[in-house]
Amino acid sequence: TTLGLVTTSLALHAPSQVAAAVKRYANAADYQVLIAMIDENVNQSLQNCINELKSQRVDKVIINVPLESSDAERIVQENDDILCLFLDVDPYSAVFNVSFNPADGTRASVKYLYEQGHREFALLAGPEESVSANLRLKSWLDTLESYRLKPVSVSHGNWDAQSGYNGVLQLLREAPEFSALLVGNDQMALGVLSALHQRGVAVPGQISVIGYDDTYESAFFHPALTTVSLDLDLQGKEAVARLLLASEQDEQRSSSILPAKLVVRSSTG
Ligand code: IPT
C-alpha cells in the first residue's frame with residue numbers, strides 16, 4: 001500500500017510536476033507515496049535514498065533521476081528485493097522504464113524554425129551529465145545535419161533559469177550570429193528571455209527561442225514560450241499503472257515511450 005519515489009531536485013519544475021502526478025495517481029489506487037530526494041552526488045545518494053525507502057518497507061520504487069543505462073542496470077541488480085521503474089533513462093535501455101521520445105519534439109523544433117527561414121542556430125543544452133539532455137542535443141544536431149547545417153555554437157546549462165540567463169549572455173558575447181536558439185528546458189528559456197529583454201534583443205523579431213518541457217508556467221512567460229510539450233501528468237500516471245501491474249504479474253514489465261510535441265506560441269517567428 002506504499003510506493004516510493006526517488007527524485008532529482010524538486011526545485012526543478014518538471015520533476016515536481018511528475019511527483020505531483022505520481023502522488024495523485026497512486027492515491028487514487030489506494031497507495032501512499034514516500035518521496036526521497038537525492039542531493040548533488042547522484043550515484044552515492046541514490047542508493048541511500050533507496051535504502052531509506054526500504055527501511056520503511058517500500059518494495060516498489062519509481063526512480064526519476066538521470067541515469068546512464070549501465071548505472072540503472074546496476075541499481076536493479078543490487079536491489080533485487082524491490083521492483084524499480086525508471087523515468088529518466090535512455091528509452092531503449094533494458095531497464096523497466098516510462099520515458100519520453102527524445103527525438104520527435106526536437107526534430108519538429110528544428111524543422112519548424114527551418115521552414116520559418118532560420119539557418120543560424122545556437123544550441124543551449126541541459127547539463128552534460130544528463131542522459132536526456134544529451135539525447136535532445138544529439139537529435140537537434142542530427143536534424144540540423146539533415147538540412148546540411150551546423151550550429152553556430154553549442155553550450156550547456158544546468159537546467160535552472162540562472163544558467164539560461166548566463167548562457168545566452170555568453171553566446172551574445174562570443175557567437176552572436178544566430179537567429180534561432182534551441183534551449184534544453186523551459187526554466188533555462190525563462191532566463192534566456194529575461195537576459196534578451198534586458199539587452200534590448202527582440203524575441204522573436206531578432207531571435208526566436210524554443211524551450212522544452214511545457215511546464216505549466218511557460219504559457220505565461222513573456223512572450224509566451226514556444227516549447228516541446230512533455231505530458232508529465234501522463235508519465236506519472238503510466239508509471240504508477242505499470243509499476244502496480246508489474247508487481248502483481250511478474251511478466252508485465254512493459255516499458256513505454258511517450259511522445260513529445262512542439263507547441264507553437266509567441267517566442268518564435
Ligand atoms: C527533465 C526536464 O526536461 C528538465 O527540464 C529537468 O527538469 C530534468 O528533467 C531534471 O532531471 S524531464 C526527464 C524525465 C527527462
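This is a predicted model, so every value here is computed, not measured.
Residues that satisfy the ring-ring contact (aromatic ring centres under 6.0 Å, His included) test with Tyr216, not counting sequence neighbours, are absent from this structure. For Asp233, the side-chain hydrogen bond (donor to acceptor under 3.5 Å, both in side chains) partners are Arg24, Tyr25, not counting sequence neighbours. Evaluation of the side-chain contact (heavy atoms from CB on, under 4.5 Å) rule for Arg57 yields no partner, not counting sequence neighbours. Applying the side-chain contact (heavy atoms from CB on, under 4.5 Å) test to Gln235 and every residue at least two apart in sequence or in another chain returns Val18, Leu87, Val98, Phe100, Leu232, Leu258. Among residues two or more places apart in sequence or in another chain, the side-chain hydrogen bond (donor to acceptor under 3.5 Å, both in side chains) test is passed with Ser93 by none.
Residue Asp213 is tested with Leu230, Leu225, Leu12 for a side-chain contact (heavy atoms from CB on, under 4.5 Å); the sole match is Leu230.
Panel note: side chain Ser45, backbone Asp39; a donor-acceptor pair is recorded below 3.5 Å. Panel note: side chain Ser9, backbone Ala11; a donor-acceptor pair is recorded below 3.5 Å. With hydrogens and angles disregarded, a donor-acceptor distance shorter than 3.5 Å links the side chain of Ser109 to the backbone of Gly105. Within the 3.5 Å criterion, the main-chain N or O of Val209 finds a donor-acceptor partner in the side chain of Ser267. Judged by distance alone, with hydrogens and angles left aside, the side-chain atoms of Thr106 form a donor-acceptor pair with the main-chain N or O of Ala103 at under 3.5 Å. Formation of a donor-acceptor pair under 3.5 Å by the Gln206 side chain with backbone atoms of Ala202 is found in this model. Judged by distance alone, the side chain of Asp186 and the main-chain N or O of Thr215 form a donor-acceptor pair under 3.5 Å. Between the side chain of His118 and the backbone N or O of Leu113 there is no donor-acceptor pair closer than 3.5 Å. Between the side chain of Asp231 and the backbone N or O of Leu234, at least one donor-acceptor pair lies under 3.5 Å. Judged by distance alone, the side chain of Asn185 and the main-chain N or O of Ala189 form no donor-acceptor pair under 3.5 Å.
Taken from CG in Leu10 to OG in Ser16, the straight-line distance is 6.0 Å, to the nearest 0.5 Å. For the atom pair Ile207 CD1 and Ser179 OG, the distance stands at 8.0 Å (nearest 0.5 Å). Summarising the geometry, atom CZ belonging to Arg119 is positioned 4.0 Å from atom OH belonging to Tyr114; distances are rounded to the nearest 0.5 Å. In this structure, CG on Leu83 lies 10.0 Å from CG on Leu3, to the nearest 0.5 angstrom. The CG atom of Leu67 lies 11.0 Å from the CD atom of Glu73; values are rounded to the nearest 0.5 Å. To the nearest 0.5 angstrom, Asn27 atom CG is 6.0 Å from Gln32 atom CD.
Here the closest heavy-atom approach between residue Val203 and residue Leu196 is recorded as CG2-CD1, 3.6 Å. Scanning all heavy atoms of the two residues, the minimum distance from Pro91 to Pro102 falls at CG-CD, 3.9 Å. Considering all non-hydrogen atoms of both residues, Ala195 and Leu169 come closest at CB-CD2, 3.9 Å. Minimum heavy-atom separation, Ile63 to Ile50: CD1-CD1, 4.1 Å. Closest heavy-atom contact between Ala36 and Glu52: CB-OE2, 4.0 Å. Taking both residues in full, the closest heavy atoms of Thr7 and Pro15 are given as OG1-CB, 3.8 Å, listed atom of the first, atom of the second, then distance.
Within the structure, every pair that satisfies the salt bridge (charged side-chain N to carboxylate O under 4.0 Å, His left out) test and touches residues 99-113, not counting sequence neighbours, is listed here: Lys111-Glu115.
Within a 6.0 Å radius of NZ in Lys54, more than 12 heavy atoms belonging to other residues, nucleotides or ligands are found. At most 12 non-hydrogen atoms from other residues, nucleotides or ligands lie less than 6.0 angstrom from OH of Tyr92. At most 12 heavy atoms of other shown residues, nucleotides or ligands fall within 6.0 angstrom of atom CD in Glu177. The local environment of CD in Glu145 is sparse, with at most 12 non-hydrogen atoms from other residues, nucleotides or ligands closer than 6.0 Å.
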Show your working on side-chain hydrogen bond (donor to acceptor under 3.5 Å, both in side chains) between Asn158 and Ser163 and close with a plain yes or no. CA-CA 6 Å; Asn158 71 357; Ser163 73; 3.0 Å; yes

Under the criterion side-chain hydrogen bond (donor to acceptor under 3.5 Å, both in side chains), I'd like the reasoning laid out for Thr227 against Asp214: C-alpha separation, chi angles, the key distance, then a yes or no. CA-CA 6 Å; Thr227 187; Asp214 194 23; 5.6 Å; no

After noting the C-alpha distance and the side-chain angles of Leu171 and Leu181, does the key distance pass the side chain to side chain contact (heavy atoms under 4.5 Å, CB included) rule? CA-CA 10 Å; Leu171 279 180; Leu181 177 58; 3.8 Å; yes

Criterion side chain to side chain contact (heavy atoms under 4.5 Å, CB included) on Val131 and Val89, from CA distance to verdict: CA-CA 7 Å; Val131 187; Val89 291; over 6 Å; no

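Annotation: side chain of Leu46 is in contact with side chain of Ile75 (closest heavy-atom distance under 4.5 Å). The closest side-chain heavy-atom distance from Phe86 to Cys84 is below 4.5 Å. At least one side-chain heavy atom of Leu243 sits under 4.5 Å from a side-chain heavy atom of Ile62. Val183 has its side chain out of reach of Tyr212: every pair of non-hydrogen atoms, C-beta onward, lies at least 4.5 Å apart. Counting heavy atoms from C-beta on, the side chains of Asp88 and Thr8 never come closer than 4.5 Å. Counting heavy atoms from C-beta on, the side chains of Leu149 and Phe121 come closer than 4.5 Å. Using a 4.5 Å cut-off on side-chain heavy atoms (C-beta onward), Val192 and Tyr165 make no contact. Residues Leu141 and Thr143 form no side-chain contact, since every pair of their non-hydrogen atoms from C-beta on lies 4.5 Å or further apart.
For the residue pair Thr226 / Thr268, a side-chain donor-acceptor distance below 3.5 Å is found, with atom types taken as modelled. Between the side chains of Gln170 and Asn166, no donor-acceptor pair is found at a separation under 3.5 Å. Remark: the Asn134 side chain and the Lys138 side chain contain no N/O donor-acceptor pair separated by less than 3.5 Å.
Geometrically, Arg242 does not engage Phe96 in a cation-pi contact, judged by NZ or CZ lying under 6.0 Å from the ring centre and within 45° of the ring axis.
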